[in-house]
Amino acid sequence: MSHYRLIRLIFLLFFSGIVSNASANSIDSLLETIQTSKNHLSDLELANLYIKIGSQLHDDEKYSEALVYRQKAWELLPQDHESVEKYKLIADMASAQRWLNNFQEALELYTEFISSPAEYTEQSEKANALSQMSAIYKNLGDYELAYDYCLKAIGLFEAMRDTSGLATSHYELGSLFYYQDNFQQALEQYRIAEKLFNQVEGSRGVYSCAAAIGTTYESLGDLEKSLEYNKRSLLLAENMNYRTGIAYSLTNIGTNYMHRGDFERARNFLRRSITLKKEANDRWGQIGTFRHMADLELRASDPEQSLIYLDSAFILAEGIGSKTRMISLLELYADIHRDLGNFEKALDYTYTYVQLRDSVLNETTLREMGQRQKRFEIQKREKEILLLKRENDLLESKKQIDKLYNAIFFATAVFLLIMLIMVINRFRTQKHTNELLEDKNKEINQKNEELQQVNELVTATNALLGEKNIQIEQQNKRLEDSNEDLRNFASVASHDLKEPLRMINAYTKILNKRYQHLFDENANEFMGYIVDAVSRMEGLLNGLLDYSRVSIGKDAQKAIIQTRDIIDLVKGNLKFSILKNEAEIKVDYDVLPPIRANQTQMVQLFQNLMSNAIKFRGERKPVITVNCCRRNQEYLFTIQDNGIGISDENREKIFEMFRRLHTKEEYEGTGIGLATCKKIVERHGGRIWVESEAGQGSTFFFTLPVVKELENAPSA
Ligand code: ADP
């Protein structure tokens, strides 16, 4: 090689190394160097130039082009020879594949990388690879493996005191919890990660955490906080000129507006996001955004357009082989077809959805067996790290204890001196007090005799009271027995009446089917009345049965349960009514406490109140707010709506059995729901009432006792 070319090459290599912000210029000059010196360069030198180009392209988020250059470099490296460069290149290729969502390829490369001999790779790089593998398994829906790899990474990062790596791993752990709907724990992990990332200058992690916290708040139903974090994340991404981040934040803001019912704005943000993701060839990201667009059009009552978006998403999900994404899309397909009245198709999609979901679950169970051994090793290593830390802490505390001993010795000497002075003083005063006390004693003896006489009187009165009490108890028992009879009667009657009703129902249907051609207009009308009456009677009997179950099951099993789980269950049960009425349910999950109660009855209680809040809606879209605060020894729960409200004179009546304020044509119902609620609350030692202004909305209040044994325990 001529001297001139050698100097030029060294200059270019050096220059491209110190300019960290990749620019087209430096890629161009590297390419030019290759072009001009190709014949004089060794394979290794050429490979190094390709590697540099690959890194610049990767920093520019051009992952597929980066991969091309890295593969070129790979072909030039001697395959039989282990080297630092070789393993670094494997990790780089894995990273590019991961960004391109080629998960299987990325996993293979990372697996090769982490099993490389120790002398060729840094511990920190291996920890990074473990963290990436966890993220990939999470995306593939393999939570067991994802969790294992994440813990391994955290163990390594902690041992190395690597803040940035630790932050990334906590972030991953957060998303793992998030994917499993464990939003509170997800929020905790994201906050830990955010704190750690803040210590690392110029990290994109700060952006990722803001975005993730925004999304988590949305899942918790707190749209205000969610929007605040989403906007913050967009600003961060724009400041860093981080295009992938901008695209994801746009999607998040879009869905936030969708949940608020501002469809026009939502559409705008989602479209901007899709454009950016298409430019970056981010298939994984596109699936998410297309799914939200489908959801949006479904809410905006355009199921046809919704299906088009859903198809786009499904093709992409199949392409990258993500079962989790496919499952969530199949569920939406079923919902849309049901809305369109294509029940056959809806059933088909539900069937495929269930099958795929079961297959994912089965795979997980099988893999779990193999994972036990690995998990055991991780726990062992975690214990070792913990032991090391403890030893360190022990040494520290020993030094502290020495200092403390000296201080205590000095303090004890001073204390003893003061005590001595006090004892001498005390002795003097004691003598004088003793004389005074003797006089007092005599006085007290006299008073005691008087008291004895009063006591005898009280004992006689108590005996009388005891007799009265026995009489009252007997009366109570008689009352209890007759109540029990009544409850049993209600239960048996409603249960047994269901059977003849079923017969009426069945034969009416047969009559209608076989002899309809003989019916005139009047007969058809009468038939309609029968069907309507049967359905109302069925509602009444079910209500009665529920009511008597609460009464009979007064000793029903109670356990400590989380009210937030109850709310989630109820929201799931009311999903279709919520969607149909476009109701917004606002829940402050942070204030919902654990309670001691019967789970079934609590679901019944919340579900009756929340479904009433949706049912008795006015012209406006229903907004229902669930809240709770503590008042002394009880929790006060509130369920507030913006519906038609209840006039003053009816506020107590509505809790009576069969009491309704409307005809069945206005609002359907049986008038049993609130009576059941009252019974449940009272069985749990609480009270229930309502405050309302007609036309403005109602707030139902009820109390439940605080769980004493949780008082001193850390909050759950
Ligand atoms: P149902 O809903 O079956 O009629 P309930 O016992 O649940 O029976 O309620 C009794 C009556 O109380 C209802 O018919 C309705 O008139 C009134 N009511 C209950 N909840 C509300 C509410 N959230 N807003 C306005 N009225 C309500």
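The figures here come from the full heavy-atom set of this structure, side chains too, leaving out hydrogens, waters and symmetry mates. For this chain, numbers begin at 1 and follow the sequence in order. Just follow the structure's listing: the first ligand is 1, and inside any ligand the first atom is 1.
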Chemist: Near K615, which atoms of ligand 1 are under 4.0 Å from a heavy atom of that residue?
Modeler: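 Listed by number with element: 1 (P), 2 (O), 3 (O).
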
Chemist: Count the heavy atoms belonging to other residues, nucleotides or ligands that lie under 6.0 Å from OH of Y515, then report whether that count exceeds 12.
Modeler: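 Not buried by this count: 12 neighbours or fewer within 6.0 Å.
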
Chemist: What atoms of ligand 1 come closer than 4.0 angstrom to any heavy atom of G645?
Modeler: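 What qualifies from ligand 1 is 25 (C).
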
Chemist: Against P303, only a single residue in D335, I336, N342 fulfils side chain to side chain contact (heavy atoms under 4.5 Å, CB included); can you say which?
Modeler: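 Filter result, single survivor: I336.
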
Chemist: For F700 and ligand 1, does the shortest N/O to N/O distance drop below 3.5 Å?
Modeler: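 No; the residue has no nitrogen or oxygen that sits under 3.5 Å from a nitrogen or oxygen of the ligand.
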
Chemist: Can you tell me if N268 and R272 form a side-chain donor-acceptor pair at under 3.5 Å?
Modeler: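 On atom types as modelled, these side chains do not qualify, holding no pair under 3.5 Å.
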
Chemist: Side chain, backbone, both or neither: which applies to I672 and ligand 1 if a contact is any heavy-atom pair less than 4.0 Å apart?
Modeler: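 For I672, the contact with ligand 1 is made by the backbone alone.
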
Chemist: Show me which atoms of ligand 1 lie under 4.0 Å from any heavy atom of L674.
Modeler: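 Counting atoms of ligand 1 from 1, those under 4.0 Å from L674 are 5 (P), 6 (O), 7 (O), 9 (O), 10 (C), 12 (O), 19 (C).
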
Chemist: Looking only at distances, please establish whether an N/O atom of ligand 1 is found under 3.5 Å from an N/O atom of G669.
Modeler: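 So ligand 1 has no N or O lying under 3.5 Å from an N or O of G669.
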
Chemist: Write out the residue and atom name of the closest protein heavy atom to atom 17 (C) of ligand 1, then the distance separating them to 0.1 Å.
Modeler: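 Going by distance alone, atom 17 (C) of ligand 1 is nearest to I654 CG2, 4.0 Å.
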
Chemist: Above 12 or not: heavy atoms from other molecules or residues under 6.0 Å from NZ of K571?
Modeler: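 Yes, the 6.0 Å shell around NZ holds more than 12 heavy atoms from other groups.
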
Chemist: Measure the distance from atom 15 (C) of ligand 1 to every protein heavy atom, then report the residue, atom name and distance (to 0.1 Å) of the closest one.
Modeler: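 Checking every protein heavy atom, the shortest distance to atom 15 (C) of ligand 1 gives F616 CZ, 3.4 Å.
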
Chemist: Quick one: does T563's side chain get under 4.5 Å of M602's, heavy atoms only?
Modeler: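 No. Closest side-chain heavy atoms not under 4.5 Å.
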
Chemist: Can you find a pair of side-chain heavy atoms, one from F606 and one from F637, that are under 4.5 Å apart?
Modeler: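 They are in side-chain contact.
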
Chemist: Is the number of heavy atoms from other residues, nucleotides or ligands under 6.0 Å of E619 CD greater than 12?
Modeler: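 Result for CD/E619: open.
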
Chemist: Go through ligand 1 atom by atom and flag the ones less than 4.0 Å from a non-hydrogen atom of G673.
Modeler: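 Near G673, meaning under 4.0 Å from one of its heavy atoms, ligand 1 has 5 (P), 6 (O), 7 (O).
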
Chemist: With a 4.0 Å heavy-atom cut-off (strictly under), which part of T670 contacts ligand 1: side chain, backbone, both or neither?
Modeler: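 Both backbone and side chain.
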
Chemist: Just to be sure I'm reading this right: ignoring hydrogens, which of L661, T676, N608, I646 gets closest to atom 25 (C) of ligand 1? Compare them by their nearest heavy atoms.
Modeler: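 Ranked by closest heavy atom to atom 25 (C) of ligand 1, first place is I646.
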
Chemist: Show which atoms of ligand 1 fall inside a sub-4.0 Å distance from at least one heavy-atom site of H662.
Modeler: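 Reading through ligand 1 atom by atom, the close ones are 16 (O).
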
Chemist: May I ask you to decide if the ring planes of H337 and Y349 are parallel, tilted or perpendicular, using 30° and 60° as cut-offs?
Modeler: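 Correct class here is parallel.
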
Chemist: Under the criterion salt bridge (Lys or Arg N to Asp or Glu O under 4.0 Å), which of K653, R660, R659 is the partner of E656?
Modeler: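 Testing E656 for a salt bridge (Lys or Arg N to Asp or Glu O under 4.0 Å) against K653, R660, R659 leaves exactly one candidate, R659.
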
Chemist: Do K664 and D532 make a side-chain contact, defined as non-hydrogen atoms from C-beta onward lying under 4.5 Å apart?
Modeler: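 Yes, their side chains come closer than 4.5 Å.
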
Chemist: With a 4.0 Å heavy-atom cut-off (strictly under), which part of R659 contacts ligand 1: side chain, backbone, both or neither?
Modeler: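 Answer for R659: backbone.
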
Chemist: Is the closest side-chain heavy-atom distance between Y257 and L227 below 4.5 Å?
Modeler: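 Y257 vs L227: side chains touch.
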
Chemist: Tell me: protein heavy atom nearest atom 7 (O) of ligand 1, and distance?
Modeler: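 The closest heavy atom on the protein side is N612 ND2, 2.9 Å.
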
Chemist: Is any side-chain heavy atom of L173 less than 4.5 Å from a side-chain heavy atom of I192?
Modeler: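 L173 vs I192: side chains apart.
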
Chemist: Is there a heavy atom in G643 that sits closer than 4.0 Å to ligand 1?
Modeler: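 It does not; every heavy atom stays at 4.0 Å or beyond.
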
Chemist: Which of these, K678, E668, R660, has its nearest heavy atom closest to atom 4 (O) of ligand 1?
Modeler: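 Looking at heavy atoms only, R660 sits closest to atom 4 (O) of ligand 1.
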
Chemist: Can you report which non-hydrogen protein atom sits closest to atom 1 (P) of ligand 1, along with the distance?
Modeler: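 Nearest protein contact, heavy atoms only, for atom 1 (P) of ligand 1 is G671 N, 3.5 Å.
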
Chemist: Within the structure, does I644 bring an N/O atom to less than 3.5 angstrom of an N/O atom in ligand 1?
Modeler: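 By distance alone, the answer is no.
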
Chemist: Please state which protein non-hydrogen atom is closest to atom 23 (N) of ligand 1 and give its distance, to 0.1 Å?
Modeler: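 Nearest protein contact, heavy atoms only, for atom 23 (N) of ligand 1 is D641 OD2, 2.9 Å.
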
